[in-house]
Amino acid sequence: MSNFLQVFYVLFSAVLVSLAIPNEILPLGSPYIALFSLIPFYIALSRCRSYREAFWLSGLQIIVVHLISSLWLAFFKDFAIFTLGASAVATGFLGAVFGIILYLPFSRETPHTRMIEAAGSDTRRIPLRIFWFAGVYTLYEWYKSTGFLGYPWGTLSSTAFRWRLFMQTADLAGTYGVTFLFALFSSVCAEGILLASRLYMSPNPHSAFTAFRNCARTCIVLIACAFMYGAVQYAVPRRPVKILNTVMVQQNYNPWNSANDDDTILLSERLTEDKINELIRQGSRPDLVVWSEGVLQHAFPYSAEYYTKFPFDEPLSSFIGRMNTPFIIGGSYLADAAHRSFNNAALLFDKTGTFRGSYGKIHLVPFAEVIPGIEYKWVQTVMQKVVGISAGWKTGDQYVYFDIPGSWASDSRKPDVKVIPLDGTASGPSSGENTAPTVRVSTPICFDDSFPEVCRPLFLNGSELFMNITDDSWSLMNSAEYQHFIIASYRAIEYRTTLARSTNAGVSVVLDPAARILSEMPLFVADSTAVSIPVYKRQITVYALFGNWLPWLIALLAACYFVYAVATGNRPEDVPGERFLQQKTKKRRAKQPKKAGKGKKTDSYTLLTTY
């Protein structure tokens, strides 16, 4: 019965976490459910009898969350065996390993220590269990979201979008500060439930209750401080210094279903021209047009000539020249001609339609866009048989920025301009009102905007605007679009910069540095929008400066306790509760009078004595 209940607790917790994450029922997720979602998981771990049991239960918890929340991965073309199947196994195994670490403080408990704790004689393990669970769970989300195999979906931080004030702490500790507070609340509640079941018959529950109450107060204070900090940051008046008038196009056309890109280009041209004509009628013009990821199927730079002739109705380069506006379009770029390696790229065209350069996607989707060992013939053969392809994208190896002429914000100060020609005659200062400022745009592609390790260097090296291009149209599910959008929204807060997302099917949106939605298009609808994207003065936040300092700190503290636990082992004299029990037993025995008639042994006989 005990094992059955533990499995039930784990499955119940997994369902709660999946409901809290953006899903088909709750598109933006539910932070209210997230607060309580890990309580059953905590209780199940506390009742484990071995590390092996903790391993399997934790693996079950994580794999169920992954399968429910990321079901849309099954639609990733022919790669479902990797994107859903392999990722579920890998994520489940990682969760199982972290389950062993989560179980560490519970493993050192004995009936004696529980009895002493309930009696209030030694309550140090109460805060240890609470903060250990919250900290290690935060480490799990950090580890699963980082590196080549990183997968930042299915996290507690992705449940917080309805609490925009709560999210503002991301400029201090990133998404992991949010995760820690959610996990801490669940662990406090779970520990309270467990203590209530032990303390109701305790002769002296005051000390244990006091220790728990202090932990609960700490949790409440931290969450209250997060909301207060968020309220301050949300209310801070931020005035843009530049404006980039941008037309963003959402084609809602799956390129995987098309033999060529003519239809996608013609649809995008129509949506673009309609919106530009609307702007012209209003007395304005765009500074930039952005199409989503993967629109162009022929690789640059060698296909530049191709797009002077195709599509037949109106070739792409001719259309861009007629619009007289720079374009950023998702396509491919031949990065290594010798090995026929291509970048998944953002391509920049100037207002004449001339190709000017590209940015290659840095964080590729593992086992889908990038295949380890693909340079070996046997790997190519296996991939050809399993999914019908034998090549992947090449990882981008540069941080690339596009300088786009924009305009000054109406209330910003225009700088004076002084020109010194080579003939030595200097002109006096003149008003800079007619001088167009440039906006330094970085273009993280799809998966890129979910990873601080990509966006942080882009920001620190000069990005003024994140212009993400994405194609999630293959997912066919609203939850996939919202999950990606909410994860990406943290980048705006972390670096207090504007984030714009021009996608194929959604969520196409513009967010300000507090993650307010300035413009948005509906999901899975062919549409376009013209928006004056505000560009703010760059500020270096705590998170931009120190990165993921919180999980590193937690990892250091956890390592110290792990070393202590390994060094002391499970010897009773090294367990605080057991040591206390032994001391009390010795004192009690020392005070007891010795019984009469006790035999006292000598070398040759036993002498009976009385006291």
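- Ring planes of F300 and F349: perpendicular class, angle over 60° (limits at 30 and 60°).
- At a cut-off of 3.5 Å, with distance as the only test, a side-chain donor of T503 or S508 sits close to an acceptor on the other residue.
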Practice problem: Any chance you could lay out the ring pair (Phe, Tyr, Trp, His ring centres under 6.0 Å) test for Y176 and Y490, step after step, and finish with the verdict? | Solution: CA-CA 11 Å; Y176 305 109; Y490 277 101; 9.4 Å; no

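- In this structure a side-chain-to-backbone donor-acceptor pair under 3.5 Å is missing from S145 to W142.
- Under 3.5 Å, the side chains of D171 and Y229 contain a donor-acceptor pair of N or O atoms.
- Taking all atoms of both residues into account, the shortest heavy-atom contact from E269 to F319 is O-CZ, 3.4 Å.
- Under the side chain to side chain donor-acceptor pair (under 3.5 Å) criterion, K394 pairs with no residue at all, not counting sequence neighbours.
- Smallest separation of non-hydrogen atoms from T325 and I320: O-CG2, 3.6 Å.
- Remark: E141 engages no residue in a salt bridge (Lys or Arg N to Asp or Glu O under 4.0 Å) (not counting sequence neighbours).
- Residues D287 and T246 are not in side-chain contact: their nearest non-hydrogen atoms beyond the backbone lie 4.5 Å or more apart.
- A donor and an acceptor atom, one from each side chain of T264 and W291, are nowhere located under 3.5 Å apart.
- Residue S489 holds its OG atom at 8.0 Å from CG of L499, rounded to the nearest 0.5 Å.
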Report, one line per pair, each donor and acceptor closer than 3.5 Å where one atom sits in a side chain of residues 547-555; sequence neighbours left out.
residue : atom : partner : partner atom : Å
N548    : OD1  : Y543    : OH           : 2.7
W549    : NE1  : L172    : O            : 2.6

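- With contacts defined as side-chain heavy-atom distances shorter than 4.5 Å, the pair L347/I328 does not qualify.
- Aromatic rings of Y140 and Y143 (six-membered ring for Trp) have centroids beyond the 6.0 Å cut-off, not under it.
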Quiz item: Could you go step by step and tell me if V17 and T159 meet the side chain to side chain contact (heavy atoms under 4.5 Å, CB included) rule?
Solution: CA-CA 9 Å; V17 174; T159 68; over 6 Å; no

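- For the salt bridge (Lys or Arg N to Asp or Glu O under 4.0 Å) test, no residue two or more places apart in sequence or in another chain qualifies with K351.
- Distance check: M248 CE to L271 CG gives 13.0 Å after rounding to the nearest 0.5 Å.
- Residues in residues 516-536 take part in these salt bridge (Lys or Arg N to Asp or Glu O under 4.0 Å) pairs, two or more places apart or across chains: D512-R516.
- Side-chain contact between D261 and H298 is present, with heavy atoms from C-beta onward closer than 4.5 Å.
- Side-chain contact, S532 with N245: a donor N or O sits under 3.5 Å from an acceptor N or O.
- Using a 4.5 Å cut-off on side-chain heavy atoms (C-beta onward), F459 and I540 make contact.
- Here N344 pairs with E293, E369 under the side chain to side chain donor-acceptor pair (under 3.5 Å) rule; sequence neighbours left out.
- Taking each heavy atom of A500 and I533 in turn, the nearest pair found is CB-CD1, 4.0 Å.
- Here the two rings, on F342 and W393, have centers that are 6.0 Å apart or farther.
- Between the side chains of S475 and E481, at least one donor N or O sits under 3.5 Å from an acceptor N or O.
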Exercise. With side chain to side chain contact (heavy atoms under 4.5 Å, CB included) as the test, would you mind laying out the steps for E494 and T175 before giving the verdict?
Key: CA-CA 9 Å; E494 287 167 350; T175 62; 3.8 Å; yes

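- Taking the salt bridge (Lys or Arg N to Asp or Glu O under 4.0 Å) definition, one finds that D350 meets it with R356, sequence neighbours left out.
- With hydrogens and angles left out, the side-chain atoms of S292 and Q251 include a donor and acceptor closer than 3.5 Å.
- The cationic group of R164 lies under 6.0 Å from the six-membered ring centre of F161 and within 45° of the ring axis, placing it in a cation-pi geometry.
- Checked by atom type and distance alone, the side chain of T138 pairs as donor or acceptor with a backbone atom of A134 at under 3.5 Å.
- Not a single salt bridge (Lys or Arg N to Asp or Glu O under 4.0 Å) links R538 to another residue, sequence neighbours left out.
- Remark: L84 CG to F75 CZ distance equals 10.0 Å, nearest 0.5 Å.
- Taking CD1 of I486 as the start and CH2 of W153 as the end, the distance is 12.0 Å to the nearest 0.5 Å.
- At most 12 heavy atoms of other shown residues, nucleotides or ligands fall within 6.0 angstrom of atom CZ in R440.
- A donor-acceptor contact shorter than 3.5 Å links the side chain of T83 to the backbone of L73.
- Proximity of a side-chain donor or acceptor of S479 to a complementary backbone N or O of N23 within less than 3.5 Å is not detected.
- The side chain to side chain donor-acceptor pair (under 3.5 Å) search around T169 returns none, not counting sequence neighbours.
- Using modelled atom types, one side-chain atom of T498 and one backbone atom of P534 make a donor-acceptor pair closer than 3.5 Å.
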Practice problem: Please lay out, stage by stage, how L244 and I404 fare under the test side chain to side chain contact (heavy atoms under 4.5 Å, CB included). | Solution: CA-CA 8 Å; L244 192 67; I404 309 296; 3.8 Å; yes

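- At distances below 3.5 Å, not a single donor-acceptor pair connects side-chain atoms of D403 with backbone N or O atoms of T438.
- A donor and an acceptor atom, one from each side chain of S70 and Y151, are located under 3.5 Å apart.
- Counting only distance, with no hydrogens or angles, the side chain of Q539 and the backbone of Y495 share no donor-acceptor pair below 3.5 Å.
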Side-chain polar contacts of residues 446-458 - donor-acceptor pairs under 3.5 angstrom, sequence neighbours left out - could you list them?
residue : atom : partner : partner atom : Å
D448    : OD1  : I362    : N            : 3.4
D448    : OD1  : H363    : N            : 2.8
D448    : OD2  : Y359    : OH           : 2.8
D448    : OD2  : I362    : N            : 3.4
D448    : OD2  : I445    : N            : 3.2
D449    : OD1  : H484    : NE2          : 2.8
D449    : OD2  : N468    : ND2          : 3.3
D449    : OD2  : R501    : NE           : 3.2
E453    : OE2  : G147    : N            : 3.3
R456    : NE   : A544    : O            : 2.8
R456    : NH2  : A544    : O            : 3.1
R456    : NH2  : L545    : O            : 2.9

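- Looking at S473 and D471, their side chains do bring a donor and an acceptor atom within 3.5 Å of each other.
- Between atom OG1 of residue T497 and atom NZ of residue K537 there is a gap of 14.0 Å, rounded to the nearest 0.5 Å.
- A donor-acceptor contact shorter than 3.5 Å is absent between the side chain of N343 and the backbone of A345.
- To the nearest 0.5 Å, atom NE2 of residue H66 and atom OG1 of residue T91 are 4.5 Å apart.
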Between side-chain atoms of residues 310-317 and protein atoms elsewhere (two or more places apart, or another chain), which donor-acceptor pairs fall under 3.5 Å?
residue : atom : partner : partner atom : Å
E314    : OE1  : R322    : NH2          : 3.0
E314    : OE2  : R322    : NE           : 2.9
E314    : OE2  : R322    : NH2          : 3.4
S317    : OG   : Y307    : O            : 3.3

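- Partners of S442 according to the side chain to side chain donor-acceptor pair (under 3.5 Å) rule, which considers only residues two or more places apart in sequence or in another chain, are S463.
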